[in-house]
Amino acid sequence: ISGAVKVGAATAAPVPIRKAQLSGDAISFEFEAASVGAGGAPAQYEYRGRVNGKVMEGKVIVRDRTGISTQAWQATLIAPAPRDDQAPAR
């Protein structure tokens with residue numbers, strides 16, 4: 001699997017995810033971006049969770065200059081992303 005995330009402002013540039021894995025209903029991925037809670041310093045985000053239909057939820061571990069924190073997260077699919085191998089709709 002592959003993808004990108006936006007951290008912070010809606011106009012932020014997408015950051016590619018890495019180490020993305022989907023095994024059964026278990027999903028995990030990581031990325032590095034400026035920390036929202038550490039004044040923009042670099043932070044490492046590690047997401048681990050489960051997929052159930054259109055909902056993913058789990059825990060995220062954030063490592064930044066202030067230390068390590070763990071928080072719950074949830075994401076809901078609103079619309080599927082276009083696939084690279086499909087021609088645009090006309």
**OP:** Indicate if I68 and F29 have the same hydrophobic cluster label, given that clusters are the connected sets of ILVMFWY residues with side-chain heavy-atom separations under 4.5 angstrom.
**Re:**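 Looking at the clustering, F29 is in a separate group from I68.
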**OP:** Verify the cluster assignment for Y47 and L22: are they in a single hydrophobic cluster under the rule of side-chain heavy atoms below 4.5 Å apart?
**Re:** yes
Spacing of [atom1] belonging to [X] relative to [atom2] belonging to [Y], to within rounding of 0.5 Å:
X: I61; Y: S69; atom1: CD1; atom2: OG; answer: 9.5 Å
X: Q74; Y: N52; atom1: CD; atom2: CG; answer: 10.0 Å
X: E46; Y: F31; atom1: CD; atom2: CZ; answer: 10.5 Å
X: E32; Y: D64; atom1: CD; atom2: CG; answer: 11.0 Å
X: I1; Y: I27; atom1: CD1; atom2: CD1; answer: 4.0 Å

**OP:** May I ask you to say whether E30 pairs ionically with R48, meaning some side-chain N is under 4.0 Å from a carboxylate O?
**Re:** yes
Subject >> Minimum side-chain heavy-atom gap T70-V60 below 4.5 Å >> reply: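 The answer is no; the side chains never approach within 4.5 Å.
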Original post:
Do side-chain atoms of W73 reach the backbone of K59 as a donor and acceptor pair under 3.5 angstrom?
Top reply: yes
Original post:
What pairs meet the side chain to side chain donor-acceptor pair (under 3.5 Å) rule with one or both residues in residues 14-25, with sequence neighbours excluded?
Top reply: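 Pairs touching residues 14-25 that pass the test: R18-Q44, D25-R50.
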